[in-house]
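Only one structure is covered here, and it is reproduced in the block below.
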Amino acid sequence: MSNSVYEQYETVIGLEVHVQLATHSKAFCADDASFGGEPNTHVSAISLGHPGTLPRLNKQQAAYAVRLGLALGCRIDPASAFDRKNYFYADLPKGYQITQDRRPICVGGALPIKLGETWKEIRLHHIHMEEDAGKSIHDQDPRYSFIDLNRAGVPLLEVVTEPELRSAEEVDAFMSGMQQLVRYLGICDGNMEEGSMRCDCNVSVRRRGNTRLGERCEIKNLNSMRYARRAIAYEVKRQIDLIEAGGKVAQETLHFDPDTGVTSPLRSKEDAHDYRYFPEPDLPPVLLDEAFLSEQQNALPALPWRLYGQFRNEYQLTDYDAGLLIEDRDVAAYFQDFCAHTPHKKAAANLIINKILPWRRETDAEITNFPLALSSLAAFLQLIDEGKVSNAIAYQRLLPALMENPGKAPLALAQELELIQTADTGLLGELADQVLAANPDKVAAYKKGKTGLMGFFMGEMMRLSKGQADPKTTTALLADKLKV
Ligand code: ADP
Ligand code: MG
């Protein structure tokens with residue numbers, strides 16, 4: 001089919017993102033909630049769903065849910081409730097999952113996602129708390145499937161968006177934004193490979209201009225952005241081809257096979273599960289008081305999109321620099337601290353991006369452990385700004401020397417190493433005379449109009465002065481001496 005046919009359609013995507021919370025214990029009991037471990041070692045009678053056991057809510061799960069909700073501008077329900085979602089599966093010990101169906105803890109809200117230099121708000125339907133199931137392992141034995149229940153009961157948040165995403169790029173931006181946010185909040189490690197964040201993609205298409213949504217399919221459990229992109233591209237083309245051929249998209253749950261690049265039905269709407277939701281009788285409503293809510297509000301760090309706005313508008317950084325500096329919360333915080341010490345915001349950003357981040361990558365250390373104090377770095381930038389040390393010399397010689405002598409004041413060390421630029425016209429005049437006397441041909445050529453030779457003369461001046469000639473004074477001096 002020609003491209004123009006595909007262009008007549010709009011892609012509509014809604015996401016259900018599962019965020020595995022970084023709590024120590026599970027959602028409803030004290031079992032270890034950490035990833036991995038020997039199979040079936042993080043389990044007690046409660047994780048195993050033995051008769052007579054009772055769940056008890058992990059307060060940290062509610063705290064993390066509220067933090068995420070507040071960060072995203074959701075309305076927090078002060079009395080949300082749990083429900084049972086019943087289905088049978090070998091890795092679901094109780095035969096039901098405890099989730100929130102009628103009264104989720106967070107309602108509404110939006111995540112701002114970064115698309116190039118602009119931001120778009122993706123509204124959320126709600127966020128609810130639930131527990132994870134165990135893991136079935138099908139590829140270790142030809143005859144048997146194995147079951148690991150370590151994950152059973154690990155706390156999850158499910159973030160459900162409105163159908164407002166319009167492309168795989170937007171899904172990518174949403175997942176990266178969500179990953180960045182949960183890391184800022186410290187509620188999840190955001191590691192998609194280990195399954196700490198997974199998403200179901202609901203995909204439909206409609207003719208451009210149509211306001212009614214098309215029939216959707218749900219692609220289950222995408223745990224990498226690369227797979228999600230391929231799955232969406234495949235599914236969009238499949239749906240358009242089907243409609244163009246006179247067919248109708250049927251509401252289905254799909255599985256994406258990364259080996260073949262193809263989606264295939266897991267189940268259709270007709271054999272969709274009837275989960276027989278009902279209120280969880282073993283858990284009371286989650287009552288949140290003002291003190292708890294304000295405690296969570298106070299635990300919020302500065303949020304990435306606010307920092308981006310501040311770095312762009314207040315500090316005049318480029319989109320690229322601001323984007324880099326907000327990637328990690330500790331880098332952004334370090335930059336903010338730095339800015340409190342120096343008026344040279346742009347130079348501070350460059351210093352972090354060009355020197356401190358590479359140092360952090362090489363040493364694998366925390367950024368706050370960079371050997372130079374912020375006051376020292378600020379003094380370093382001040383020397384450059386005042387023209388006392390040239391930018392090149394400062395970075396090539398002074399900074400490495402400072403890193404070896406972190407206790408020394410930048411000015412004192414620059415003096416000791418004779419790196420201070422000189423604007424002393426007497427001294428520079430003598431050097432200029434030497435340079436011009438040694439290059440009579442070039443002087444003649446310059447005077448005949450080859451003014452590009454100024455670069456050469458400046459280079460010589462820098463060489464003779466060991467980089468200490470103040471460029472402005474030197475250029476003026478040379479120009480004066482070369483006047484016809
Ligand atoms: P269900 O309760 O059956 O899972 P919901 O209405 O709660 O369905 O929607 C689940 C997800 O599907 C949400 O993220 C929503 O945005 C998305 N969604 C709903 N309808 C569509 C559609 N026509 N196209 C794409 N996504 C959709
Ligand atoms: Mg759903």
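Basis for what follows: all heavy atoms, side chains included, without hydrogens, waters or symmetry-related copies. Start at 1 and go down the list; that is how both ligands and their atoms are numbered.
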Heavy-atom contacts with P163 under 4.0 Å: which atoms of ligand 1 show up? List them by number with element.
-> 16 (O), 26 (N), 27 (C)
Can you find an N/O atom of L213 closer than 3.5 Å to an N/O atom of ligand 1?
-> no
What do you reckon, does V160 have a nitrogen or oxygen under 3.5 Å from a nitrogen or oxygen of ligand 1?
-> no
With heavy atoms only and a cut-off of under 4.0 Å, state how E162 meets ligand 1: side chain, backbone, both or neither.
-> backbone
State the atoms of ligand 1, each with its element, that fall below the 4.0 Å cut-off from a heavy-atom position in L15.
-> 14 (O)
Decide yes or no on ring-ring contact (aromatic ring centres under 6.0 Å, His included) for F28 and F82, but give the supporting numbers first.
-> CA-CA 12 Å; F28 303 111; F82 285 104; 5.4 Å; yes
Option nearest atom 17 (C) of ligand 1 (shortest heavy-atom distance, choices T253, V249, N202) | N202
Among all residues two or more places apart in sequence or in another chain, which pass the side chain to side chain contact (heavy atoms under 4.5 Å, CB included) test with C29?
-> K26, D31, S44, I46, S47
Nearest 0.5 Å please: distance from the CD1 atom of I147 over to the CG atom of D91.
-> 6.0 Å
So, is V203 polar-close to ligand 1, with some N/O to N/O distance under 3.5 Å?
-> no
Which of the numbered atoms in ligand 1 are below 4.0 angstrom from a heavy atom of G214?
-> 23 (N)
Within the structure, does R216 bring an N/O atom to less than 3.5 angstrom of an N/O atom in ligand 1?
-> yes
Between D319 and K114, is the closest basic N to carboxylate O distance under 4.0 Å?
-> yes
Tested for salt bridge (Lys or Arg N to Asp or Glu O under 4.0 Å) against D172, the lone hit among R230, R226, R229 is R229
Is there a donor-acceptor contact under 3.5 Å linking the side chains of Q310 and Q336?
-> yes
How about Y234 and F256: are their ring centroids closer than 6.0 Å?
-> no
